[in-house]
Asks: 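The structure under discussion is supplied below as structure tokens; questions concerning it will follow.
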Number of protein chains: 2
Amino acid sequence: MPYVMVQIPHTPSAASPTPRPVPTSADVARLAGVSRATVSYVLNNTSAVRISEPTRRRVHEAAKELGYVPHAAARSLRAGHSRMVLMPAPAIPAGPLYGQFINDLQWALSRLDYTVVQYVTAGLRGDEAARAWAELRPVAVLVPGAGPGAEGVAVLKRAGARAVVTLGPERVDGAHALLMDHEAVGRCAGAHLYARGRRRVGVVVPAETGLETYSRPRLEGVRRALYGTDASVTELPLGYTEQSAGELASRWRQLGIDSVFAYNDEYAMLLMRALQDEGVRIPEDTAVVGADDLMLGRLLRPRLSTIHIELPSGRELAELVDRVVRDPGGTPETHEVLGASVVRRESS
Amino acid sequence: MPYVMVQIPHTPSAASPTPRPVPTSADVARLAGVSRATVSYVLNNTSAVRISEPTRRRVHEAAKELGYVPHAAARSLRAGHSRMVLMPAPAIPAGPLYGQFINDLQWALSRLDYTVVQYVTAGLRGDEAARAWAELRPVAVLVPGAGPGAEGVAVLKRAGARAVVTLGPERVDGAHALLMDHEAVGRCAGAHLYARGRRRVGVVVPAETGLETYSRPRLEGVRRALYGTDASVTELPLGYTEQSAGELASRWRQLGIDSVFAYNDEYAMLLMRALQDEGVRIPEDTAVVGADDLMLGRLLRPRLSTIHIELPSGRELAELVDRVVRDPGGTPETHEVLGASVVRRESS
DNA sequence: TTGAAAGCGCTACCAG
DNA sequence: CTGGTAGCGCTTTCAA
């Protein structure tokens with residue numbers, strides 16, 4: 001049987017079976033009839049060299065026709081540096097407060113002409129993760145939460161990172177630190193409840209993993225605020241489910257607690273609801289204080305007292321990063337950036 | 001009172017004034033007394049070539065001593081491809097529902113050995129943004145929300161992206177689509193309220209910008225569900241503040257509305273509170289339905305009826321991406337991935 | 001078993 | 001004003 005060429009019907013929208021190679025600046029040069037150097041000059045608007053207007057146009061047209069997009073990796077390889085700011089993505093989705101802060105920060109960095117990238121690190125941790133970040137040769141690394149060890153910081157620095165900034169509960173050697181002292185949140189809550197005459201203070205600690213970074217210091221803060229007084233502190237594990245809250249509420253009277261600091265507003269809402277269903281009056285029988293000053297606290301009845309947390313503006317932090325990148329010589333700075341203040345409403 | 005960053009005095013630590021150049025594989029080779037090729041073989045465990053054990057050790061030791069970390073850009077430049085999956089970061093922080101979904105997805109992709117990167121695009125939009133993404137030569141791009149036009153998709157494909165997937169309300173030519181039909185959410189709510197005997201339906205539309213992508217379709221869905229019936233639909237702009245909610249509630253009786261679909265549970269909570277403060281009984285005078293099925297809805301009194309939204313599992317989507325990357329030839333698929341179902345509680 | 005060398009795409013020197 | 005070219009760090013043939 002003779003061989004017959006058969007054309008396979010093919011919709012134009014489908015990806016071509018042999019994808020054309022990605023156009024390079026050499027392709028643009030060829031099409032425009034100039035050298036690669038000229039293409040580079042034109043597309044980068046290099047001021048040190050003047051290219052005639054007709055040539056510019058030809059280059060631009062060729063680039064557009066080919067759909068040319070420069071290759072960032074090649075460019076930064078050649079340049080020997082990049083303007084990438086790398087932020088490891090948090091392992092669990094950030095709450096509204098912290099999420100907004102991160103957002104502002106990233107936006108401010110973008111405005112300063114940095115390429116901001118959130119890097120998703122799954123599985124690796126500590127110095128493993130730091131190595132993975134270092135492979136991208138970021139000019140700066142902003143590490144939220146429990147950061148890498150001093151070892152990890154050293155790896156990043158050796159890989160050319162001009163600024164390593166941690167945003168978390170503790171300093172790391174060699175890195176700039178934005179100290180977010182969550183103990184202060186607990187201290188604030190403890191002192192407030194004590195001042196309101198409460199002496200048997202419960203502290204809700206989320207049962208969910210991944211929150212320990214914040215929940216432990218908040219608990220410790222309450223302990224510290226009440227240390228040496230006649231008040232007692234009881235740790236209350238609580239999962240973020242109605243059932244868990246119900247169980248805790250059902251043995252509330254046995255616990256003999258007259259007040260509770262609930263980690264944050266969401267856990268506070270959960271617990272408050274369960275307590276009310278159990279007939280516990282708030283604040284008469286039990287005072288409740290949340291944290292983060294979310295909208296929902298204002299909407300509860302009674303209105304929820306809370307610890308307002310002040311984070312630095314994204315712009316400030318972006319400027320710090322920029323300053324350090326421009327002058328990496330300085331000694332690492334440590335800034336206390338977490339302001340905690342009580343917002344008394346009706347629940348305490 | 002604005003919070004002020006306070007610098008804490010700090011012992012001078014070793015930031016060397018003349019930072020050593022970043023070690024390269026050539027440095028490792030020199031220190032180990034072998035060639036760069038051998039270093040590459042050893043560090044990549046190249047199976048096609050066998051290196052003697054003593055040599056391996058020497059290389060590893062040299063690498064460790066120098067703190068050598070390979071240069072990802074150089075590597076992928078040489079390789080001609082990368083395993084980077086790029087996701088533009090949403091302009092506003094994602095809510096808990098969507099945030100969890102994104103998180104799962106990223107984690108699943110990491111497990112498949114992709115480098116997942118959230119790219120923060122500030123200022124640029126549409127095809128401008130697509131060009132910026134294309135510069136990184138990602139192997140796949142996942143675009144949430146209102147994506148780039150067909151133009152943008154073409155740019156990405158020409159830049160070597162083997163998979164472009166949009167996660168949003170509409171298809172884009174040339175890209176695979178995970179259609180999240182938010183109209184279905186509105187239809188669901190509208191049909192439910194109609195079935196409950198409500199005929200004058202209000203729909204809360206957030207006044208905040210950036211939410212139109214979701215709020216418009218949800219409104220349209222309600223309209224569609226009630227089209228041709230004797231029910232009317234009233235659009236109710238609402239800012240996420242107590243004041244805005246108070247104003248809306250104060251003119252509630254004039255509006256003559258007997259039910260409201262509140263965009264999501266948070267806006268529902270805000271409005272419900274204001275209505276209750278105004279003496280409006282829920283659900284007798286006004287039925288309220290939220291969306292997203294957040295925990296907080298269960299905690300309200302009356303318990304909030306809501307539209308439960310089912311998103312695909314991150315693992316499923318990750319596998320789709322992986323499949324398309326491995327075989328980019330196929331025609332773009334469109335999947336309906338948003339399941340909406342009413343969860344009737346006490347507020348409707 | 002190891003080394004020499006080419007070349008990925010780009011920019012910045014230096015000549016013409 | 002424009003072109004040739006070296007070289008960023010890496011991997012991978014091909015030779016030795």
Asks: With B:E151 as reference, evaluate B:V172, B:L156, B:D127 under the side chain to side chain contact (heavy atoms under 4.5 Å, CB included) test and give the passing residue.
Replies: B:D127
Asks: Angle between the two end axes of the helix from C:dT1-D:dA16 to C:dG16-D:dC1, five base pairs per end, rounded to 10 degrees?
Replies: 50°
Asks: Given the rule in the side-chain contact (heavy atoms from CB on, under 4.5 Å) test, do A:V325 and A:V85 qualify, once you have shown the distances and angles that lead to the verdict?
Replies: CA-CA 10 Å; A:V325 165; A:V85 176; over 6 Å; no
Asks: Can you check each nucleotide of nucleotides 11-16 of chain D against protein heavy atoms at under 4.0 Å and return B for base, S for sugar-phosphate only, - for none, in 5' to 3' order?
Replies: BBB---
Asks: Take A:A72 and B:T55, find for each the nucleotide of DNA chain C with the closest heavy atom, and name the residue whose nucleotide sits nearer the 5' end.
Replies: B:T55
Asks: Under 4.0 Å from a heavy atom of chain A: give me the 5'-most and 3'-most nucleotides of DNA chain C that qualify.
Replies: C:dG9 to C:dC13
Asks: Any carboxylate oxygen within less than 4.0 angstrom of a Lys/Arg side-chain nitrogen, looking at B:R315 and B:E319?
Replies: yes
Asks: Round to the nearest Å and state the distance from B:L77 atom CG to D:dG9 atom P.
Replies: 12 Å
Asks: Heavy atoms only, 4.0 Å cut-off, all strands: where does A:V49 land among base, sugar-phosphate and nothing?
Replies: base
Asks: Nearest-nucleotide wise, let me know which of B:G33 and B:R137 is further upstream toward the 5' end of DNA chain C.
Replies: B:G33
Asks: What do the steps show when you test A:L66 against B:R158 for side-chain contact (heavy atoms from CB on, under 4.5 Å), and what is the final call?
Replies: CA-CA 9 Å; A:L66 292 175; B:R158 258 200 307 268; over 6 Å; no
Asks: With a 4.5 Å cut-off on side-chain heavy atoms, are A:V116 and A:M84 touching?
Replies: no
Asks: Which whole-number value in Å describes the distance from B:R30 CZ to D:dC10 P?
Replies: 12 Å
Asks: Please check if the side chain of A:T24 supplies one atom and the backbone of A:A26 the other of a donor-acceptor pair under 3.5 Å.
Replies: yes
Asks: Quick one: closest heavy-atom pair of A:V59 and A:V28, and the distance?
Replies: O-CG1, 3.9 Å
Asks: If only atom types and distance count, is the side chain of A:S76 paired as donor or acceptor with the main-chain N or O of A:A79 below 3.5 Å?
Replies: no
Asks: Under 4.0 angstrom, heavy atoms only, what part of the nucleic acid is A:S76 near: base, sugar-phosphate, or nothing?
Replies: nothing
Asks: Can you tell me the distance, in whole Å, between the CZ atom of A:R50 and the P atom of D:dG3?
Replies: 17 Å
Asks: Applying salt bridge (charged side-chain N to carboxylate O under 4.0 Å, His left out) between A:E61 and each of A:K64, A:R57, A:R58, report the one that passes.
Replies: A:R57
Asks: With distance as the sole test, does B:S313 use its side chain to make a donor-acceptor pair with the main-chain N or O of B:E316 at under 3.5 Å?
Replies: yes
Asks: Can we say A:R326 and A:D322 salt-bridge, meaning some charged N sits less than 4.0 Å from an Asp/Glu carboxylate O?
Replies: yes
